[in-house]
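Since the structure comes first, as structure tokens, the remarks are kept for the end.
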Amino acid sequence: MTLLDLSGLTLRTTDGTTLVDDLSLTLAPGERLGLIGESGSGKSLTALAVLGLLPEGITATGSVELAGTQIVGAREEQLTRVRGRDAAVVFQEPLTALDPLMRAGRQLAEPLRRRHGLRGPALKRAVLDALERVRLAEPDRIARSFPHEISGGQRQRVALAMALACEPKLLIADEPTTALDVSVQAEMLDLIDTLVRERDMAVVFVSHDLAVVARIADRAVVMRQGRAVEEGTVLGLVRSPAHAYTRALVGSARRLESALNLGDPR
Amino acid sequence: MTERATGRTTGRPAEPTTGRATEPTTERTTGRRRPVRSYTLLAGCVLAGLIVLLALVSLVWSPYAADDTSGGRLAGPGSGHLLGTDKLGRDLFTQVMTGARIAVEAGLGSVLIAAVLGILLGLLTAFAQGWLDDTLSAFLDILIAFPTLLLAMLIVAAHSATLGSAVLAIGLAQSAVVARLTRILVKRVLTQDYITAARTSGTSWPRTVAQHVLPNIWPTLVVNLALQFGLAVLAEAGLSYLGLGVPPPNASWGGMLQEAQATFTTAPAGALAPGILLVMLVVGVNLIADGLRDTLDPTTRRRRT
Amino acid sequence: MARYLLRRFVFLLVSLALASVVLFALLRLLPGDPANALTSVGASPEQIAAARHSIGSDQPLPEQFTHWLGQLVSGDLGTSFVSTLPVGPEVASRLDLTIPLTLAAFVLAVLIAVPAGFVAAYKRHTWYGALLSGVSQLGIAVPVFWLGMILVAVFALNAGWLPAGGFPPDGWAVPGEAVRSLVLPVVTIALVMSASLIRYVRSATLDVLGSDYLRTARALGSSFGQAMWRHGLRNASVPVVSVLGIELASTLLGAVVVESVFALPGLGSMLVTGIAQHDYPVVQGVLFVSTLAVLLIGFAADLVQRVIDPRLRDRLSGGTR
């Protein structure tokens, strides 16, 4: 049984440039997959294609089947039903991903209301619960705050709470920690890790950082210039990278790590 | 940070783009950038170019002398007069050509004044601090709130109704707009790291302005000045229509339209031709502005702030 | 918020004071002696001096200025040199025409521009979206008086549906006629104004359409319509509101030309006549009232923006930065 099945997915711009070329991959329920690649490798677009949210001017061919629904060529009403219920996303930029003019609580209330039909005090309660679940201290204050009044890490937690509020089968995390401070990054990764484990959610984790992906994912696909160049377990990729680009990724990750070990007594 | 507490919190937002739609940013597509081919720019150059050509030709040749009334009053188009004659019997096409010259002169003159004064004033306010900055920008805000035409009316009334005072008036009114734009652009550039770098390495302020500030703001300024050209042409036509612009017998399009208003139904050519040419010229320069914006600003990310 | 209101109010007063100084100074540049307007061509020097004394133009400028300011503070706009009637009531009666004209044109322009601008952005790849953009591009190049002339020729002179100009002498006492005489001027102003508004609405809509928060909402299951309603409308209205304020102000003042096309006895024609006759108190009075209106509209637009956008509230509440 598969939750997500991409086969021969190709993304092109209207002027014919190929952005993602013949990508195929599958994901079982509860499985955690990393999509690794440099910027421009097409990994984020692939994530958007899963939800049928491609930017204007980019067309998809091939097949994307999400929980039994064919996404490529689907009508907008069908897509609206799938989004949130079957898959939800946390985007990279926590500042722009939230509506700057709406209090965080109200933004979080929207998916809760839609998904669970909550109203009034029950909805309010659920909003605070959801904020607590993403380990936000002072959920009351956060709920009343506008996005610009809280920190980047807090915003990203709100965005995560919104995605989780939909209780999706699949969580797509598009570089959710890249815009955060390094110290906040680790907390955020732990949080995502714990929360999806508790819920048996499948994850597609998009990142340019092998170390970050290794923390969340079991399996990874390495993308380069729109193609999948290598696929395997994270452990396997780190131990014996086959493709030159993967080797480079692993190498640079190791170099960074060894820099920390300099002062260690051997 | 650019807007002060005492100023209007937000003025007119950035001019909207009118040309092609901006594609949403995606991940970098390919390294190659296709050469910019702007049909907008081309179309604008053709439209405005036709009027400029008419204006240039009028300097050396016109079908009739300006005061030649041999054609009879209100003659229709044809009959030796391409557009017919006005109510005094003067050839309309000759007047339209003169009008083209006046319009182009009005546009160029006003924009020149607006550019010189506006950029200097803008730089001054951008570098001013504290109350001086507050006062100057509040003053600009008030000036900008008044339509160009009204300020121009006052100044024209204070001097006399000639092309020179009309141009001076429009240019002065527009310089406030240019000054505020310059101020905002310069303030934005001044917060950039490369300015700090230049300053810490000991570059003097005038050098910094010449080397770093002006090159970074001129594309936006040029586009805005092109738009101001169109507005100046419109304002001059408005002044002449109200009888506050170019005095007769030098026919400005605005004045011609005012004269032809009474005979619109009987002799429509006089009421249509100047208007159509006026629209052609203004649309032309606006298209040039749009085209320049697309050409000079190769980043497609200008929507993101 | 209270603190902001106070600051903003002080700014309003300072601006008004500044504007009145500029107005006063600018008008003294007017050539010709206003006393000439009062006396016949062959007037003797004594007559001219008497006329000067009667209108106070023999006083030194600072004294004239303080006199005017004193009047202003007590709500008196002065007395016309030419008609010797007080300016204030005359301005008020002219506003009876200019305010309805401006407001009606403004409302009509918004009703045209908001949907049209949205469609021009949302459907920009369709022929009608492109057409809307093209029409607004053309519209901003059309002089308002020329459009007025054409509308008069088509709907008044040819079709005979509406009056070509003028306003009933009894004004609003005959509402039907008054409204009929304002239809064409209102449409003229509204069309020209909506042309530039469409561009701003379009641009604001494009910003929203490309925004991440709209994508977030849709990614979590909002339909496009729901997301636009909940998030798009408010966000797009922030830049549009500030433009609306400026457009409203410039319509009020820009009515000068349209009133001239349609021979309407509004504030604009009062100003034009005042300038022609060197009637300082009239020109000063009209411009002072206009300035006040412009500043008040700006104030209102700022307030509305702050209500919509919480970022503006925070940015300025903490004193100087």
Side-chain angles (χ1 to χ4, degrees), chain A residues 14 47-48 50-57 76-104 106-115 144-149 155 158-159 161-168 171-172 174, chain C residues 1 118-126 129-130 202 204-242 302-318 321:
Chain A
T14 33
L48 289 176
V50 171
L51 286 166
L53 270 179
L54 286 170
E56 209 169 323
E76 188 62 29
E77 298 88 88
Q78 263 178 304
L79 291 174
T80 304
R81 271 197 299 280
V82 168
R83 290 175 194 149
R85 186 191 68 189
D86 292 333
V89 202
V90 181
F91 290 107
Q92 177 174 351
E93 264 309 324
L95 181 57
T96 53
L98 298 178
D99 183 342
L101 308 186
M102 193 182 274
R103 293 178 200 278
R106 270 193 71 197
Q107 301 196 45
L108 174 53
E110 178 63 11
L112 283 169
R113 188 187 59 75
R114 199 171 36 243
R115 187 80 163 99
R144 270 183 283 109
S145 299
F146 288 100
H148 72 280
E149 294 170 338
R155 282 193 287 263
V158 173
M162 285 171 68
L164 293 178
C166 303
E167 292 185 3
L171 179 72
I172 299 173
D174 184 4
Chain C
M1 193 67 175
F118 174 77
V119 171
Y122 183 47
K123 295 285 182 186
R124 63 189 179 281
H125 296 306
T126 65
R202 178 181 184 273
T205 309
L206 280 179
D207 277 347
V208 167
L209 289 177
S211 72
D212 285 358
Y213 52 82
L214 200 76
R215 188 175 66 175
T216 306
R218 297 181 65 203
L220 300 184
S222 285
S223 70
F224 176 77
Q226 288 166 339
M228 273 312 268
W229 179 253
R230 269 179 73 85
H231 304 287
L233 216 55
R234 275 163 70 94
N235 276 284
S237 65
V238 176
V240 171
V241 162
S242 84
D302 274 7
L303 277 187
V304 172
Q305 272 191 301
R306 286 171 67 89
V307 168
I308 302 175
D309 193 338
R311 290 166 297 184
L312 296 175
R313 297 205 281 269
D314 289 5
R315 195 172 57 181
L316 298 180
S317 56
R321 303 214 346 203

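The model shown is predicted, which means the values in this text are computed figures rather than measured ones. In what follows, every chain begins at residue 1, and chains take the letters A, B, ... in the order their sequences are listed.
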inquiry  = Quick check: do A:E56 and C:R124 have side-chain heavy atoms less than 4.5 Å from each other?
reply    = yes

remark   = If one checks every heavy atom of A:M102 against chain C at 4.5 Å, the contacting part turns out to be side chain

query = Can you tell me how far CG of A:L101 sits from CZ of C:R311, rounded to the nearest 0.5 angstrom?
reply = 5.5 Å

Heavy-atom closest contact (C:P310 atom, A:P100 atom, distance) = CG-O, 3.6 Å

query = Taking only residues two or more places apart in sequence, or in another chain, which ones meet A:Q107 in a side-chain hydrogen bond (donor to acceptor under 3.5 Å, both in side chains)?
reply = none

remark   = Looking only at A:A165, A:A97, A:A163, A:P147, the option with the highest number of non-hydrogen pairs under 4.5 Å against chain C is A:A97

ask   = Any idea which of A:I172, A:L98, A:L51 has the most non-hydrogen atom pairs under 4.5 angstrom with chain C?
value = A:L98

ask   = Taking side chain as C-beta onward, heavy atoms only, is C:R218 less than 4.5 Å from A:T80?
value = no

message = With rounding to the nearest 0.5 angstrom, report the CZ to OG distance, A:R83 to C:S223.
response = 9.5 Å

note = What one should report as the nearest heavy-atom pair of A:R114 and C:S222 is NH1-OG, 2.9 Å

Atom of C:A219, atom of A:V89 and distance for their closest heavy-atom approach = CB-CG2, 3.8 Å

inquiry  = Could you tell me if the side chain of A:T96 sits less than 4.5 Å from the side chain of C:S211, heavy atoms only?
reply    = no

inquiry  = So which atom in A:D99 and which in C:R230 form the shortest heavy-atom distance, rounded to 0.1 Å?
reply    = OD2-O, 4.3 Å

ask   = Can you say whether C:L214 sits under 4.5 Å from chain A via the side chain, the backbone, both, or neither, judging by heavy atoms?
value = neither

inquiry  = Is A:R81 close to chain C through its backbone or its side chain, or both, or neither, when contacts mean heavy atoms under 4.5 Å?
reply    = neither

note = Taken in chain and number order and not counting sequence neighbours, the residues that satisfy ring pair (Phe, Tyr, Trp, His ring centres under 6.0 Å) with A:F91 are none

ask   = Side chain, backbone, both or neither: which part of A:E77 has an atom under 4.5 Å from a heavy atom of chain C?
value = neither

